[in-house]
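Here's the structure we're looking at; comments come further down.
Numbering of ligands and ligand atoms starts at 1, following listing order.
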Amino acid sequence: MTGLSIEVQEKRFDALAAPVIGPLSLSLAEGEFVCLIGPSGSGKSTLLSMIAGLDRQWQGRVSLAGDAPPGFLFQEPRLMPWLTVADNIELVCAEPSRPRTLAMLDRVGLSDAAGRFPSELSGGMQRRVAVARAFINRPPVLLLDEPFVSLDAPAANQLRRLLESLWLEYKPTVLFVTHDLAEAIAMGDRLVFLGRDPAHIIKQLRVDLPRPRELTGTAVTACLQALLGEHPDLLSGRL
Ligand code: ADP
Ligand code: MG
C-alpha cells in the first residue's frame with residue numbers, strides 16, 4: 001500500500017521566475033520512514049508544504065493514505081505562548097479529550113507539564129510538546145522539517161529516540177527532511193537525495209541497518225563514510 005505519493009510537474013513561486021521544483025516523483029510505502037536530504041534552498045520545505053496542502057499553487061498531484069490531514073513537526077516548536085501545554089495540543093484536535101492528551105503527555109515524558117505555559121519549559125520540553133501534538137490525532141502521514149536542529153546533541157538524540165519509538169508504535173508514513181546525513185542514516189528506511197534548481201531526485205538509498213541505530217555508532221559512521229567516499233558532493237546536491 002502507498003502511504004504518500006507526490007508527482008510534481010512544476011512548482012514556481014512566480015510565473016516569470018525559474019521553477020523551484022520538478023519534474024519530481026516520490027512515493028512512500030505505508031509505514032515507511034523516508035529521509036529527504038538536500039542542500040539549503042533546494043526546495044525541501046516547499047515540497048512539504050505542497051504535500052501538506054498548505055501550498056496549492058503548483059502543477060501535479062499528491063495523494064495521502066487515510067485522507068486525513070498529515071501531522072507536521074517544524075524546526076521551531078510553534079507553540080501558542082498564551083495557551084497551556086494541554087491546550088496547545090488540543091488546538092489540533094477536532095474532538096479534544098483531556099484523558100487522551102494527558103496519556104500522550106505521559107508518553108512523551110511530560111506528565112507534570114499539562115497546565116504549564118510554553119515559556120516555563122526548556123527548549124527540549126517544548127519540542128516534546130510539539131511531538132505530542134504531531135502524534136495526538138494518530139495521523140497516517142507525518143511530515144517533519146528539520147525538527148531537531150538548534151538543539152544540543154543529547155537533547156536531539158533523546159528526541160530522535162522518542163520519535164522512533166512513537167513511529168514504531170503508531171507506524172505512520174514519515175517524510176523526514178534533514179540536511180544531516182548521519183541523522184538520516186540513523187532514522188530512515190530509505191534516503192532520498194535532492195539536487196537543486198529545480199529540485200530533482202539525484203539518488204535513493206535503502207538503509208537496512210538494524211534498529212535502534214546509534215547516531216555516532218560504527219554502523220552509521222561506516223555507511224556515512226562509504227556514501228561520501230563514493231559521492232563527495234552528495235550533500236551539495238551533486239552526484
Ligand atoms: P529548503 O527548505 O530546501 O532550504 P525552501 O523550500 O525553503 O528550501 O526554498 C526553496 C527555494 O524557493 C529557495 O530558493 C527559496 O528562496 C524559494 N522560496 C521559498 N519560499 C518562497 C516564497 N514564499 N516566495 C518566493 N520564493 C520562495
Ligand atoms: Mg527548509
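In this structure, the side chain of K11 does not engage the main chain of L47 through any donor-acceptor pair within 3.5 Å. Using modelled atom types, no side-chain atom of R196 and backbone atom of G43 make a donor-acceptor pair closer than 3.5 Å. Using modelled atom types, no side-chain atom of R127 and backbone atom of A156 make a donor-acceptor pair closer than 3.5 Å. Of the possible donor and acceptor atoms, one in the side chain of D152 sits under 3.5 Å from a partner among the backbone N and O of A155. With hydrogens and angles ignored, the 3.5 Å screen pairs no side-chain donor or acceptor of Q57 with any backbone N or O of F13. Between the R12 side chain and the A17 main chain, a donor and an acceptor come within less than 3.5 Å of each other.
At the top of the distance list for atom 8 (O) of ligand 1, counting protein heavy atoms only, stands G43 N, 3.2 Å. Summary of contacts: the protein heavy atom closest to atom 7 (O) of ligand 1 is S45 CB, 3.8 Å. When hydrogens are left out, the protein atom nearest atom 12 (O) of ligand 1 is F13 CE1, 3.5 Å; that is the closest non-hydrogen contact. At the shortest separation from atom 9 (O) of ligand 1 among protein heavy atoms lies T46 OG1, 3.8 Å.
The aromatic rings of F33 and W167 sit perpendicular to each other, their planes meeting at more than 60°, with 30° as the lower class boundary.
Taking 4.0 Å as the cut-off between side-chain N and carboxylate O, R206 and E32 count as a salt-bridged pair.
Atoms of ligand 1 lying under 4.0 Å from any heavy atom of P39, numbered from 1 in the order shown and given with element: 3 (O). Every atom of ligand 1 with a heavy atom of S40 under 4.0 Å away is listed here by number and element: 4 (O). Residue G41 has at least one heavy-atom neighbour below 4.0 Å for each of these atoms of ligand 1: 1 (P), 3 (O), 4 (O), 8 (O), 10 (C), 11 (C), 13 (C), 14 (O).
Looking at residues two or more places apart in sequence or on another chain, you find no side-chain hydrogen bond (donor to acceptor under 3.5 Å, both in side chains) involving S49. With sequence neighbours excluded, the residues satisfying side-chain contact (heavy atoms from CB on, under 4.5 Å) with R107 are M104, L162, S165, L166, E169.
Not a single heavy atom of S49 sits less than 4.0 Å from an atom of ligand 1. The closest approach between S42 and ligand 1 falls below 4.0 Å for a heavy atom of the residue.
Protein N/O/S atoms closer than 2.8 Å to the Mg ion (ligand 2): S45 OG.
Annotation for L64 and A68: closest pair CD1-O, 4.2 Å, computed over non-hydrogen atoms.
Under 4.0 Å from ligand 1, not a single heavy atom of A199 appears. Only side-chain heavy atoms of V20 come within less than 4.0 Å of ligand 1; its backbone N, CA, C and O stay farther off.
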Side-chain polar contacts of residues 77-84 - donor-acceptor pairs under 3.5 angstrom, sequence neighbours left out - could you list them?
unit_1: R78; atom_1: NE; unit_2: E76; atom_2: OE1; d: 2.9
unit_1: R78; atom_1: NH2; unit_2: E76; atom_2: OE1; d: 3.4
unit_1: T84; atom_1: OG1; unit_2: D87; atom_2: N; d: 3.2
unit_1: T84; atom_1: OG1; unit_2: D87; atom_2: OD2; d: 3.3

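Under the 4.0 angstrom criterion, atom 18 (N) of ligand 1 counts as having a protein heavy-atom contact. Shown here, atom 15 (C) of ligand 1 is out of close reach of the protein: none of its heavy atoms lies under 4.0 Å off.
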